[in-house]
Number of protein chains: 2
Amino acid sequence: MRRPTLAVVAQAAGVSLKTASRVLNGEPNVASATRERVQDAAASLGFRRNAVAADLARGGLSRLVGFITGDLANEFYSALASGIERELREHGLQLLTASSDEDPDREASLTGELIERRVGALIVTPAGADQSALRSEIAAGLPVVVVDRPAAGMDVDTVVIDNRGGTRAAVAHLLAHGHRRIGFVGDEPHLWTYQERSAEFLAAMAEAGVPDAQRLVRSGAHDAAAARGLALELLGAPEPPTAILAANNRATVGTLQALRDIPGGADVAVVGFDDFELADLLGITVVAYDAVEMGRRAAELAVARSADPDRTVEQVVLPTRVVTRGSGERPPR
Amino acid sequence: MRRPTLAVVAQAAGVSLKTASRVLNGEPNVASATRERVQDAAASLGFRRNAVAADLARGGLSRLVGFITGDLANEFYSALASGIERELREHGLQLLTASSDEDPDREASLTGELIERRVGALIVTPAGADQSALRSEIAAGLPVVVVDRPAAGMDVDTVVIDNRGGTRAAVAHLLAHGHRRIGFVGDEPHLWTYQERSAEFLAAMAEAGVPDAQRLVRSGAHDAAAARGLALELLGAPEPPTAILAANNRATVGTLQALRDIPGGADVAVVGFDDFELADLLGITVVAYDAVEMGRRAAELAVARSADPDRTVEQVVLPTRVVTRGSGERPPR
DNA sequence: TCGGCACGCGACAGCGCTGTCAGCCGACGA
DNA sequence: TCGTCGGCTGACAGCGCTGTCGCGTGCCGA
C-alpha cells in the first residue's frame with residue numbers, strides 16, 4: 001500500500017498543500033476550523049509526513065547525527081552511544097550508528113556513507129592515525145566531534161578522559177601498597193589511549209626509581225584472550241610482577257583469567273583501567289570514569305557546533321578516579 | 001561551505017546532469033572518456049552524492065533500517081545491535097537505532113519518527129503489550145521484525161529464543177544436582193520473556209513434585225539492585241532455597257551480590273538465564289544462546305521481507321544450552 | 001471614510017536527484 | 001545503397017515537501 005502524501009491530505013481537507021503543511025508543522029496563522037479539518041483528514045488517511053523530503057526541501061541537512069564507533073558490542077562504546085543518544089533526543093535529533101571494527105578503511109568508507117546521508121553532525125572515535133578524510137569534511141562545514149581519542153593534528157572538538165592522570169593515580173596506588181614490579185597489559189600500540197597510558201606508566205615508574213620498567217610493558221590486548229596471553233607471559237618471566245595494571249576493560253578480563261589459571265595468581269594485585277559492571281562483584285580496583293557522560297558531552301558539542309559553526313574549538317577532558325575494591329590493595333609477596 | 005551538487009559536477013565535466021548521474025551510479029553505456037571526465041570533476045570538486053535526494057527521487061524508501069531497542073547500554077541489546085548491523089552491512093543497508101527505555105509510549109513515538117524517516121524496515125523489541133501502532137504500519141506495507149519477544153496477537157516475522165526449553169533445562173540441571181527448593185528471580189512481570197520463563201519454571205517444578213513453588217518466585221528484577229533485593233527476600237525466608245534460577249543477566253548479577261553479602265551465600269547454587277562476558281570468570285552456570293546471531297537472523301528476515309512482501313511469515317526460535325561453570329553444580333546443603 | 005495592518009490562505013518555484021523517452025551517430029548486414 | 005540496431009547522451013518531468021510572495025478579507029484608529 002502506498003502512503004498518502006500531503007497533497008492527498010490537503011485535497012481531502014479541501015485546502016491547499018501549503019496550508020496542510022502549515023498545520024502538520026504546527027505553524028501559526030491557520031484558522032482553528034481549518035486546522036481541525038486537516039488534522040482529521042491526516043488521521044483518517046493514516047498520513048505520515050516524509051521527513052526525508054522535508055529535510056531536502058529545507059535545504060540539505062537531516063536531523064540525523066552519525067556516530068562511528070569501534071565496536072558496538074563493547075560495553076564502553078555502548079555506554080558512549082547511550083549517552084549520545086540521550087543528549088541528542090533532547091534536541092530532537094536521531095542517532096545513526098555504524099561500527100568501524102577499529103578498521104581505518106572501514107571508518108573512512110562509513111564516514112562517506114554518513115555524509116552522503118547528509119547527517120547534521122558526526123561523532124567519531126578515530127581508529128586510524130590518518131584523519132584526512134575527516135579534515136576535508138570539517139573544512140566543508142560539517143560539525144565533527146571526536147571522542148575517546150583526539151584526531152591527530154586536527155583542530156576539532158574533542159572529548160577524552162584524563163588518561164595520564166588516571167594512569168599516574170593507578171601506579172601511585174600500587175606503589176603506595178608496596179609494589180615495585182608492576183606489569184602493564186595494554187591495548188594495540190597504534191591506539192592513542194594505549195600510547196598515553198603506557199607513556200605515563202613508564203614516566204611514573206621512572207620517577208619512582210623502578211629500573212627498566214619497559215620490560216614490564218606488553219601490548220596487543222585487543223581482546224580478553226590476547227590479554228590473557230600477555231599477562232601469562234609477564235607472570236611467567238623471572239622476577240614476575242607482583243601487581244598488574246591492565247590498561248582497558250578487555251585487558252582486565254584477560255589478566256584476571258590468567259591469574260585464575262596460575263598458582264599464586266590470587267596474590268597478584270590488579271588495577272584495571274575502565275570500570276565495568278561486574279568489577280564490583282569481582283572486587284576489582286579500577287580507574288573509573290563516566291563513559292555515558294562522555295557521550296553526552298560529545299553530543300552536546302556536536303549540537304553546539306551545528307548551531308554556531310564559528311565557536312571556538314573545545315577540548316574536554318573528563319576526570320578519572322580510582323575506585324578501590326580490594327584487588328589493588330593486596331600487598332606484594 | 002556549500003557542497004557541490006551533481007549539476008555542478010556535470011557542468012564542470014561538460015556533460016548533462018543525467019550523464020553525470022549515470023557515471024556516479026556506475027551505470028553502463030557511458031563512454032569511458034566521458035566517465036573519466038566526470039569522475040575527475042567530481043573528485044576535484046569534492047563532490048558527495050546526496051543519498052537523501054537520491055532515495056527520494058527513487059520513490060520513497062531509504063536504505064536505512066530502524067532498530068528500536070530497550071536499552072542500548074544493556075549487553076544483550078548491544079549484542080543484538082551488532083548482529084543486526086553486521087548483517088545489514090552485507091546488503092548495503094544502514095542501522096538507525098533508538099532506545100525506548102522499555103517505555104511503550106516512547107516506543108510508539110520512536111516508531112513514528114523512524115517511519116517518517118522512511119526506513120526500509122523496522123526491527124523492534126516490543127516493550128508494550130499493545131502493538132497496534134505497529135499493526136497499521138505493517139498493513140501499510142512496512143517490513144517489521146520483532147526480536148526477543150513476540151508481538152501479542154500479530155502475524156509478524158519473529159525471532160525469539162527457546163525460553164521454555166532453556167528454563168526447563170536449567171531447572172532439570174538443578175534438580176539433577178539434588179535441589180528441590182529452587183528460587184526464581186525474574187524481570188518485570190509484564191515482559192513476555194518473564195512470563196514464559198516463570199510459567200515454565202512453575203510447570204517444571206510441579207512435574208518434579210515440588211509443592212507450592214509459587215512462593216519461590218519473585219519478579220521485578222529490572223536492574224541488579226532490584227534483583228539483589230528480591231534474592232535477599234527469598235534467602236531470608238524460612239526454608240530458603242538451596243538454589244536460585246536468575247531469569248536474566250541483571251537478575252544474575254543482583255543475585256550474586258546478594259549471595260556475596262549473606263553468610264553461607266557461597267553455598268547456594270546459581271544458574272543464570274543469559275550468558276554474559278564475565279560469567280566464565282565468575283564460574284557461573286548459565287542458560288546461554290547467541291544474541292548476535294539473533295540480531296543477524298532478525299536483519300535477515302527484514303531484508304527478505306523487503307525483497308518479497310508476500311513471503312510467508314516466519315517464526316524463528318533459537319536454541320539455548322546450559323553452560324556449566326560450577327555455580328550450578330553445587331549440591332544443596 | 002479611508003489607509004493600514006494582521007491574519008488566513010494558496011500559487012509557484014525549487015531542494016538534488018533519478019526514470020523515461022527520444023535523439024543522434026557510427027557500424028553492420030542485406 | 002539503405003535500413004536497422006546498439007551505444008551514448010540529454011531534455012524533462014517529478015519524488016514529497018517547504019520558503020517566498022502575493023492576494024483578499026475584516027478590523028482598527030484617525
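Within every chain, numbering begins at 1; the chains are lettered A, B, ... in the order of the sequence lines, protein sequences first and strands thereafter.
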- [ ] To the nearest Å, give me how far apart CG (A:D55) and C1' (C:dC17) are.
- [x] 15 Å
Task: A:A53 side-chain proximity, nearest of C:dC9, C:dC17, D:dG16 - done: D:dG16
Open item on the list: Can you measure B:Q11 atom CD to C:dG16 atom P for me and round it to whole angstrom units?
Closed with: 14 Å
Open item on the list: Please enumerate all residues that pass side chain to side chain contact (heavy atoms under 4.5 Å, CB included) together with B:L110, with sequence neighbours excluded.
Closed with: B:I68, B:A98, B:S100, B:R106, B:E113
TODO: Grab the NZ-P distance between A:K18 and C:dG10 for me, whole Å please.
DONE: 12 Å
Open item on the list: Counting the atoms with a prime plus P, OP1 and OP2 as sugar-phosphate, which does B:V52 contact under 4.0 Å by heavy atoms, base, sugar-phosphate, or nothing?
Closed with: nothing
TODO: With axes from five pairs an end, tell me the bend angle of the helix from C:dT1-D:dA30 to C:dA30-D:dT1, nearest 10°.
DONE: 40°
Open item on the list: Give me each pair satisfying salt bridge (Lys or Arg N to Asp or Glu O under 4.0 Å) with a member in residues 54-81 of chain A, each pair once, sequence neighbours excluded.
Closed with: A:D55-A:R58, A:D55-B:R117, A:D71-A:R250
Task: CG-CD distance between B:L17 and B:Q11, expressed to the nearest 0.5 angstrom - done: 10.0 Å
Task: Under 4.0 angstrom between B:T19 side-chain N/O and D:dC8 OP1 or OP2 - done: no
TODO: Using side chain to side chain contact (heavy atoms under 4.5 Å, CB included) as the criterion, list what pairs up with B:H190, not counting sequence neighbours.
DONE: B:E188
TODO: Specify the residue among B:S16 and A:S21 whose closest nucleotide of DNA chain D lies further upstream toward the 5′ end.
DONE: B:S16
TODO: Measure from CG on B:N29 to C1' on D:dC5 and round the result to the nearest Å.
DONE: 13 Å
Hey, can you pull the donor-acceptor pairs under 3.5 Å for the side chains in residues 79-92 of chain A, sequence neighbours left out?
residue: A:S82; atom: OG; partner: A:A79; partner atom: O; Å: 3.2
residue: A:E85; atom: OE1; partner: A:R89; partner atom: NH2; Å: 3.4
residue: A:E85; atom: OE1; partner: B:S99; partner atom: N; Å: 3.4
residue: A:E85; atom: OE1; partner: B:S99; partner atom: OG; Å: 3.4
residue: A:E85; atom: OE2; partner: B:S99; partner atom: N; Å: 3.3
residue: A:E87; atom: OE1; partner: A:R296; partner atom: NH1; Å: 3.2
residue: A:E87; atom: OE2; partner: A:H91; partner atom: NE2; Å: 3.2

Task: Where at least one partner belongs to residues 20-33 of chain A, residue pairs that pass salt bridge (Lys or Arg N to Asp or Glu O under 4.0 Å), sequence neighbours excluded - done: none
Open item on the list: If I take atom CG in residue B:N25 and atom P in nucleotide C:dG16, what distance separates them, rounded to the nearest angstrom?
Closed with: 17 Å
Task: For B:A12, all residues meeting side chain to side chain contact (heavy atoms under 4.5 Å, CB included), sequence neighbours excluded - done: B:A41, B:L45
TODO: Return yes when atom CD of A:E293 has more than 12 non-hydrogen atoms of other residues, nucleotides or ligands closer than 6.0 Å, and no otherwise.
DONE: yes
Sort me out a list of protein N/O and nucleotides 25-28 of chain D N/O pairs below 3.5 Å, or just none if empty.
none

TODO: Scan for salt bridge (Lys or Arg N to Asp or Glu O under 4.0 Å) pairs involving residues 138-160 of chain B, sequence neighbours excluded, and state none if there are none.
DONE: B:E102-B:R149, B:D157-B:R305
TODO: Output every pair passing side-chain hydrogen bond (donor to acceptor under 3.5 Å, both in side chains) with a member in residues 34-51 of chain B, not counting sequence neighbours, ordered by first then second residue.
DONE: A:E137-B:R48, B:N25-B:R49
Task: Nearest-Å distance for atom pair CZ/C1', residues B:R49 and C:dC15 - done: 16 Å
Task: Qualifying residues under side chain to side chain contact (heavy atoms under 4.5 Å, CB included), relative to A:A302, sequence neighbours excluded - done: A:A121, A:I123, A:V145
TODO: When you get a sec, tell me which of C:dG16, D:dC17, D:dG19 is the closest nucleotide to the side chain of A:N50?
DONE: D:dC17
Write out a two-atom table: protein N or O, nucleotide N or O from nucleotides 21-24 of chain C, distance below 3.5 Å.
none

- [ ] May I have the distance from B:L56 (atom CG) to D:dG16 (atom P), rounded to whole angstrom?
- [x] 7 Å
Task: Exam field: side chain B:S306 to backbone B:A304, donor-acceptor pair closer than 3.5 Å - done: no
Open item on the list: Distance check needed: D:dG7 P versus B:R35 CZ, whole Å only.
Closed with: 14 Å
